[in-house]
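Everything on this sheet refers to the single structure shown next.
Side chains included, hydrogens not; waters and symmetry mates left out as well; all remaining heavy atoms used. Proteins come first, then strands; the chains are lettered A, B, ... in the order of their sequence lines, and each starts at number 1.
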Amino acid sequence: MEIRFYNSLTRSDDLFQPIDGHTVKMYSCGPTVYDFAHIGNFRSFLAADLVRRFLEAVGYEVWHVMNITDVGHMTDDSSADGAGEDKMEAAAKRLKEDKKSGKAPEGCVADPDNPYEIAAYYRDAFLEDGRKLGMKVAFEYPQRVHCATKFIPQMIKLIEKLIERGHAYVGRDGVVYYDVKSFPDYGRLSGNTLDKLENLQEGAGGRIDASNQANKRNPADFMLWKADSTHVMKWDSPWGAGYPGWHIECSAMAMEALGPEIDIHTGGEDLIFPHHECEIAQSRGGSGCGSFARFWLHTRFLMVEGTKMSKSKGNFFTVRDVLGGKATGTEVHPAALRYELIRTQFGAQCNFTMKGLVDSANSVRKLSEFAERVEAEAGAKVVEVGLDHPVLKQFFAALANNLNISEALGVVHTWISTPVEDPAEAVAVLRKIDSVLGVVELTKSAGSGDDDEITVLCQAIHEARQRRDFPTADLHRKQLESRGYEVRSTAEGTVAKRKMA
RNA sequence: GGCGUCGUAGCCAAGUGGCUAAGGCAGUGGAUUGCAAAUCCACCAUACGUGGGUUCAACUCCCACCGACGCCUCCA
């Protein structure tokens, strides 16, 4: 199978082959844990999840590593470059207020002034959200989700190596900087090449402070280590106790966990510059390799109802918001949210809408009911299917074409509405498909959630219909519907299922 | 101001110079149903952001413009 992915580095659909032929080494930039992850974050993480699931389904072994930034970075590259508030400090403030007003969950963070506690709290929340949404790296390989604070020695080692190899230097202010001039390929990914960065000072905001620039050789040089004894999160280093720059953690982690050269690197489109640009410079500068990640897969941002997601517009949703019903007014099944977030190709802007969520819920329901049906019909019969099965062939061919999920879903929808000849074969095909989509498995793990009252009402509807007492049947149906259930009556009986969105 | 991505129906999307512009979702009509839901059948872009140009021929190539999005400061 010929697999092609759009590669940001070459700006073309490149033929994919793992470097060693069988094991795909994949790294994803994960979240910074100072708040709950929002649906935009997860759109990106689930895109990576889809890539890894697809590659596994077609036979590759995938080592997928994700980082969690649990360091409270100062927002500035060095103090003079910016005036923003540290995200961790902002989180502390917010948590304190939430605690005072009783909005914070019971015992969520004992000491809001402790950044380690804040980070741990949101890290756990992120992993929980990830598990709910079927993110494989979260529920199957948590040992491959690494926190930046666990890689400080590796970062220091890499910085030392960069200095040794002439890619980094200690500035007049004692801060360790990367010397971008020492890396001619700087700018290849983003287009912000060295000749263009010469004019950095002329930038729109004029944000580069001259006094700060005096400490560096080049305005574009970025920080690797900053000594700061006042910083709460600080570690000893050859350059004084302090904290690492923002970009170094990913280079150190990818190198340690996957080696100097990896197959795929994913992240949001916002990370292209400076983060990924700097990451390439650090990794290649440290390893001396001619390449770091072969493929750069960037996910485009998610919009909500056609506009940017922002707190001020009131259309900013965390995963928890959506699942809890804050977006739609009704609780949303994680499978429906997963489907909604993966249904648009990762490189295209996706539009999150309430209608789309309902559509997604419908699709998931269709799929899970199809699964139930063929599983029941198949009974104990088990059939093996290969990727040469006509349905799977089409499904995977679509995905092999830059993960064209629209076409792949089209294949699935068409297939499940054609008569099933061999239920056991259908079970096997669906399992394979869902090993990528990961939505049917989520509907199964959640359990039915039916209580006795629902069963009683369904029985009452059935009996009322049998004696042709339709007003009573309709009344009960309305009761169930108002409680968020979909009701379906046939001659054999009435069943109610919780709506998924 | 600089760098980058992108504009095909309500939504996603195929299409990379040439038959009447794939497919899925949604929608509409019908069958079915006490009514619904589900299911099944049928229908659903003379048109590819706009305006030029190249060509026998353009959604596909070139130019300009318009618009959307991301980055240049932490950010999926």
Atom pairs and distances, side-chain donor-acceptor, residues 265-273 of chain A, under 3.5 Å, sequence neighbours left out:
| unit_1 | atom_1 | unit_2 | atom_2 | d |
| --- | --- | --- | --- | --- |
| A/His265 | NE2 | A/Glu279 | OE1 | 3.3 |
| A/His265 | NE2 | A/Glu279 | OE2 | 2.6 |
| A/Thr266 | OG1 | A/Ser28 | OG | 2.7 |
| A/Glu269 | OE2 | A/Phe301 | N | 2.8 |

Problem - salt bridge (charged side-chain N to carboxylate O under 4.0 Å, His left out) against A/Arg468, all qualifying residues, sequence neighbours excluded - result: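 Per chain and number, A/Arg468 pairs via salt bridge (charged side-chain N to carboxylate O under 4.0 Å, His left out) with no residue.
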
Checking [X] now: which residues fulfil side-chain hydrogen bond (donor to acceptor under 3.5 Å, both in side chains) with it, not counting sequence neighbours?
{"X": "A/Ser312", "result": "A/Ser310"}
{"X": "A/Asp13", "result": "none"}
{"X": "A/Asp129", "result": "A/Arg320"}
{"X": "A/Glu463", "result": "A/Gln459"}

Problem - Selection: residues 349-364 of chain A, any non-hydrogen atom under 4.0 Å of RNA chain B - result: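 Those residues are A/Gln349, A/Lys355, A/Asp359.
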
Check nucleotides 40-45 of chain B for protein N or O atoms closer than 3.5 Å to its own N or O atoms and list the pairs.
| unit_1 | atom_1 | unit_2 | atom_2 | d |
| --- | --- | --- | --- | --- |
| B/C40 | OP1 | A/Ser417 | O | 3.4 |

Exercise for the section: Name all residues meeting the ring pair (Phe, Tyr, Trp, His ring centres under 6.0 Å) criterion together with A/Phe16; count only those two or more places apart in sequence or in a different chain, and write none if there are none. Expected result: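 For A/Phe16, the residues satisfying ring pair (Phe, Tyr, Trp, His ring centres under 6.0 Å) (neighbours in sequence not counted) are A/Phe5, A/Phe295.
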
Between the protein and nucleotides 58-60 of chain B, list every N/O to N/O distance that falls short of 3.5 Å.
none

Polar atom pairs (N or O), protein with nucleotides 6-8 of chain B, under 3.5 Å:
none

Below 3.5 Å is the cut-off: list the nitrogen or oxygen pairs between protein and nucleotides 31-34 of chain B, distance only.
| unit_1 | atom_1 | unit_2 | atom_2 | d |
| --- | --- | --- | --- | --- |
| B/G34 | O6 | A/Arg465 | NE | 3.2 |
| B/G34 | N1 | A/Asp474 | OD1 | 3.1 |
| B/G34 | N2 | A/Asp474 | OD2 | 2.6 |

